[in-house]
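This one's a predicted model, so the numbers in the text were calculated from it and none came from an experiment. Chain naming here is simple, since letters A, B, ... match the order of the sequence lines and numbering starts at 1 in each.
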There are 2 protein chains.
Amino acid sequence: MNLTVAEENYIKSIYKLEEGAEAVTTTGLAYELDTKPASVTDMAKKLKEKKLIDYEKYQGINLTAEGKKAALHIIRRHRLWECFLVDKLAFSWEEVHELAEELEHVRSEKLIIRLSDFLGNPTIDPHGDPIPDAQGKLGKQRAQISLDQARTKRLEVTAVSDKSAALLEFLNAKGIRLGTQLEVIERYEFDNSIEIKIRNQPAFTISEQVSKNIMVRPL
Amino acid sequence: MNLTVAEENYIKSIYKLEEGAEAVTTTGLAYELDTKPASVTDMAKKLKEKKLIDYEKYQGINLTAEGKKAALHIIRRHRLWECFLVDKLAFSWEEVHELAEELEHVRSEKLIIRLSDFLGNPTIDPHGDPIPDAQGKLGKQRAQISLDQARTKRLEVTAVSDKSAALLEFLNAKGIRLGTQLEVIERYEFDNSIEIKIRNQPAFTISEQVSKNIMVRPL
DNA sequence: TAAAATGTTTAGATTTGTCTAACTTTTATT
DNA sequence: AATAAAAGTTAGACAAATCTAAACATTTTA
Ligand SMILES: [Mn+2]
Ligand SMILES: [Mn+2]
Ligand SMILES: [Mn+2]
Ligand SMILES: [Mn+2]
């Protein structure tokens, strides 16, 4: 199946939205891809034609098994390139998503196998996301929940959901990265903000919006 | 100046044909890019509009100073990626041109600077071609001529002009690579074939076509 | 449950890059 | 110089990806 760059981007976004449960809507996908609903409808017809999605007018979009497999391969390429950029070229985690967004479209089985080997076959990317293997299979993920839902005090950061430079730079400033161990000092009901403390540093407060995008596991 | 992938490929091909002296013709460029003369005429109008080429109907195509600068930046990216693929991912020289043909279009100043650093700022690529620096400047090249024109007996291979897998695989089979030292045993006037010898191995004959694509320097 | 609001699709355009077929210009040959 | 051949251009078409504006469908809300 030979996909265009646009088709690959759509497939990947559909996969992402499907992961976050519920139906993938025209408008939701348009928002995710920073395009217009009309464009999504057009592309939906093409992807249906190629049997990569199930789609009926007004009924939302879902990846077929084949579409899901394609998505995982694109995600694999994306995340391996991110590892390369961070591990080998010393980019920081807020810079790599955009570059990987382009590099992921260079299609060569051999290139990706070699790249993965070169990187030591990593299983998670710089944002804590799992990297599918060459067959498109995702390994067992460690149990993780978002910080706003965690109910224990001592936690370790395992991933970030939002890859925007805005969030990642905020986390840099606060000293929060993958593997950071933190303690919840207080949860404020009023706005669901959370006061946290890292090691011996002074405690600080983060908004609900930030806490929803930090994935953690109990220590 | 923001160029499309197609525009970048055209600019690079024009540069290549210009290097080989004489005028760049519509047909020649179409052949180089594996497209049709009509398409070249269309693109010529666009590139002229963007002031990257000088072009008048029926008068051939030439890069402007700006076009030349753009070409050198694309060539820099292409050759650095080739180095990466060969030096870090263990690809062989006949496999990398096609991959670099895609990777070269990922535009990020920072990426290329980091990549170059990571590779130790190489100055020649796996085919012996010089790599422009970050300003698009080409260093002084060592004097080299094609094997068919060389008039001394003992020579060192410095580059290959043709990057097709067909030629490169032939050279692999014959044990000819960059830096290989060879001795001309005989030149046959009839078909301009050349008998050569590498080290203590038995001599063999190569066609004029091959010899035209091997660049050498006298030892 | 009817009206309003929201979400989705269609129709028709636009941009980019390509093509074929017909035509024009330039160059080579008699 | 006239003609033939080769090279180059134009006209018109098409596919991919996008858009705006208008129409249509579904969902919400009063
Ligand atoms: Mn992408
Ligand atoms: Mn990532
Ligand atoms: Mn290219
Ligand atoms: Mn090369």
Under 3.5 Å, is there a donor-acceptor pair linking the side chains of [X] and [Y]?
| X | Y | value |
| --- | --- | --- |
| B:Thr64 | B:Asp54 | no |
| B:Thr158 | B:Gln144 | yes |
| B:His78 | B:His97 | yes |

Separation of [X] atom [atom1] from [N] atom [atom2], in whole Å?
| X | N | atom1 | atom2 | result |
| --- | --- | --- | --- | --- |
| A:Leu33 | C:dT8 | CG | C1' | 16 Å |
| A:Glu56 | C:dT8 | CD | C1' | 14 Å |
| B:Glu32 | D:dA7 | CD | P | 17 Å |
| B:Gln59 | D:dA7 | CD | P | 16 Å |
| B:Asn9 | C:dT16 | CG | P | 17 Å |

* To do: Would you classify B:Tyr55 as touching base, sugar-phosphate or nothing, given that sugar-phosphate means primed atoms plus P, OP1 and OP2, and contacts are heavy atoms under 4.0 Å?
  => sugar-phosphate

Between [X] and [Y], does at least one N-O distance fall below 4.0 Å, as a salt bridge requires?
| X | Y | answer |
| --- | --- | --- |
| A:Lys12 | A:Glu101 | yes |
| A:Lys163 | A:Glu94 | no |
| B:Glu104 | B:Arg79 | no |

* **Contact under 4.0 Å: B:Thr41 side-chain N or O vs D:dT10 OP1/OP2** =>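 So the side chain of B:Thr41 is outside the cut-off, no N or O lying under 4.0 Å from OP1 or OP2 of D:dT10.
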
* Asked: Under 4.0 Å between a side-chain N or O of B:Lys45 and OP1 or OP2 of D:dT10?
  ->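 Affirmative; the distance criterion is met.
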
Distances under 3.5 Å between protein N/O atoms and the N/O atoms of nucleotides 22-25 of chain D, please, pair by pair.
residue: D:dA25; atom: O4'; partner: A:Tyr58; partner atom: OH; Å: 3.2

* Asked: When you check every protein heavy atom under 4.0 Å of nucleotides 14-21 of chain D, what one-letter string (B, S, -) results, 5' to 3'?
  -> --SBBBB-

* Structure fact -> side-chain contact (heavy atoms from CB on, under 4.5 Å) filter on B:Asp148, not counting sequence neighbours, yields B:Ser146, B:Ser211, B:Lys212

* To do: Give a yes or no on this: more than 12 heavy atoms of other residues, nucleotides or ligands lie within 6.0 Å of atom CD of B:Glu98.
  =>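 Not more than 12 within 6.0 Å, no.
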
* To do: Compute the centroid of each ring, for A:Phe84 and then for B:Phe84, and state whether the two points are separated by less than 6.0 Å.
  =>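 So the answer is yes for these two rings.
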
